[in-house]
Amino acid sequence: MRLLLIHSDKIEYSLKDKTRYAEYLDNSSKSDSMDEALVVFVSIEKIDEKNPENVVKKAIKEIKDVCKEVGTVNVMLYPYAHLSDTLADPNFSIELLKRMETELNNLDGFNIKRAPFGWYKAFNLQCKGHPLSELSRTITPDKEEDESKEEVNSTFYILDTRGRLYDPDLFDFTNYENLKRFYIYESTGDRKTDNKTPNHILLMRREEIADYEPASDPGNMRYYPKGRLIKSLLEEYILKRALDSGAMEVETPVMYDTSHPALGEYLKRFPARRYEIDSEKKRLFLRFSACFGQFLIGKDMTISYRNLPLKMVEMTKYSFRREQRGELTGLRRLRTFTMPDMHTFCSDLDQAMEEFEKQYELSVDMLKDIGLSTKDYEVAIRFTRNFYEEDKEFIERLVSIIDKPVLVEIWDERFFYFVMKFEFNFIDKSGKATSLSTVQIDVENAERYGITYTDADGRDKSPIILHCSPSGAIERVMYSLIEKGSMMDIPILPTWLSPTQVRIIPIHKEENDFTEEVYFKLLNEGIRADIDDRDSTLSKKIREAEMEWIPYIVVIGEKERKGRMLSVNIRKDKSKEELSVEDLIRRVKEEVGSLPKKSLNLPYTLSKRAKFV
RNA sequence: GCCUCGGUGGCUCAGUUGGCAGAGCGGCUGACUCGUAAUCAGCAGGUCGGGGGUUCAAAUCCCCUCCGAGGCUCCA
């Protein structure tokens, strides 16, 4: 809806001819006028049809606010098509205008008039000409409130490793502080925090990992070289593990037609807020996961029961969710993020559960490599009551894999498109829970998308689909690692993810040759090393290397040069050791193991490095 | 989106009842040639987030707006 608001000394109009869309009027109202009035010229637009209540509400608020500002209570609503080139259907527009009129009339102390719709009119308007006397407003509807906003009836329990289900209020949370915080976080509205900026936000900037980009939309970050490196390593690792587990990598579009039948239905069941963009003929939305892309591929495939379980994966760069402004927090919650999204078509529930368990174990294992052990997150398993009664042992097995009590949520009946899901939740210092890995058993979408496989009996059947993000969003993994670091006595990243793995600090110029020799040996072994060649003191260089969380700091002075040994500060255990270059190489390589290696994407001498922050 | 709080050199922040925009770090220049968490001195650097208003005078008061943090809500 477009509004042009003119604060006038007087407005008067008279009707001339009808257009095709003229609303019916008796003869009494062929002309009208109003003194000292806010004239509101209105164009109702196509997009308003999506959520009329909401547009009316917002428009009324605007008009009310402007009236207050200019100090008038007289309002003339004046339909005016020329403010927009995407007009709504005329019948819809008349209804909407009438509604605005009614709503305004319901406000106390206002005098409302409305000019008729669909007539050629002559009008005279005397604008007051003060600074606020001419205003325009564009009102767009919020996305229609989700139809699925009804109450979900569910009950929380704690399930321990011996298969005992507890009422959380009766469970002894001693030694399970985080589980307790997670339960409180999930079950109550109690989200009290220390009101401080989260550690990872301070650190992501100080460590030159990521930063806000005010020139973009909120929740869209920029990544500096170190951040890009960490992110890229994680992406590579996570994708590789998914492929190794048998998934086929695909790539699907980031935008889709809002009016596609299957997508429209799904949008209602997954009510994430979308970014929308206009193309010539279509209104498109940016994907919030790779579900549609992979389902649409699946629909066109010819699948035999012999092919199942069948997995597709995509590292979605990007997924978009237009989260509410106040929900965005650093790397924890974004509007644009990177997420591995894997879907597995399974023949039946038995196969789905078998796969579910494998993917659960895969997730545990991946997080471990990434540097998050089972101590670092809490497990939630959620399912319908039926499901639990029929498959108790299955759920108990999941608990035993994690080997500590988990939070269980039991839904009275199936409410979502899935019958079961788990998530691993990182709990940060301020008690906030953030989901990382998750798998859902979807019993609805195969049918909706027309995905079928041919079973042994020759009949086409709908598969059950697993949705899996084995690590959760990459940015969230980074958030968790940084937050975890900030809670450690000596913050550190896993060696394979540390941008600089070895910092070499020569003390005098005389050590330059040996320093370079060490550097190139490390480089040749695929180890990310750099040299602090700046004109500064040793203490200061050590301090700065420590603040960068560098796992190995090598100091080279006269003694080392002559003995061809290295004095190495090992951050992990705060120790200092004398190592040969070969020993150092062996240690680093051992720690990195088969995890991805990438070259340092910064100049290898610190004197060449500019500051990003 | 709503509520609360905030935005001052690249960074972190001070700036009193409205009255000449400051410090530390970083950068640059020079000195120091250094052995494990900040060597010393000098110099440069600011449309006080943006727009409008009040005022003789606005970083400071008012309005609008953008951005950030926390909360509500929600999630990968």
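All chains are named by letter (A, B, ...) in the order of the sequence lines, taking the proteins before the strands, and each is independently numbered beginning at 1. What you see below is based on every heavy atom in this structure, not just the backbone, and it leaves out hydrogens, waters and symmetry mates.
- Under the Watson-Crick or G-U wobble criterion, with both distances below 3.5 Å, A23(B) is paired with U12(B).
- Looking at heavy-atom distances under 4.0 Å, Leu436(A) makes contact with sugar-phosphate atoms alone, never a base.
- Between Lys432(A) and the phosphate of G71(B), there is a side-chain N or O to OP1/OP2 separation shorter than 4.0 Å.
- Arg206(A) comes within 4.0 angstrom of nothing in the nucleic acid, heavy atoms only.
- In the interface, the side chain of Glu560(A) is paired with the base of G35(B) through a donor and an acceptor atom under 3.5 Å apart.
- To the nearest angstrom, C1' of G70(B) lies 13 Å from CG of Leu202(A).
- Atom CD1 of Ile505(A) and atom P of U33(B) are 20 Å apart (whole Å).
- Residue-level contact check: Ser469(A) touches neither bases nor backbone, having no heavy atom under 4.0 Å from any strand.
- Between Ile504(A) atom CD1 and G35(B) atom P the separation is 20 Å, expressed in whole Å.
- Side chain Ser536(A) to base U39(B): no donor-acceptor pair is found below 3.5 Å.
- Residue Ser567(A) places no side-chain N or O under 4.0 Å from the OP1 or OP2 atom of U36(B).
- Rounded to whole Å, atom P of A76(B) lies 19 Å from atom CD of Glu235(A).
- Checking the phosphate oxygens (OP1, OP2) of C75(B), no side-chain nitrogen or oxygen of Arg476(A) falls inside 4.0 Å.
- Across all strands, Pro340(A) comes closer than 4.0 Å to no nucleic acid atom at all (heavy-atom distances).
- Across all strands shown, G35(B) forms no Watson-Crick or G-U wobble pair with both key distances under 3.5 Å.
- Phosphate proximity of U36(B) to Ser539(A): absent, as no side-chain N or O sits under 4.0 Å from OP1 or OP2.
- The partner of C40(B), taking Watson-Crick or G-U wobble pairs whose two distances both stay under 3.5 Å, is G30(B).
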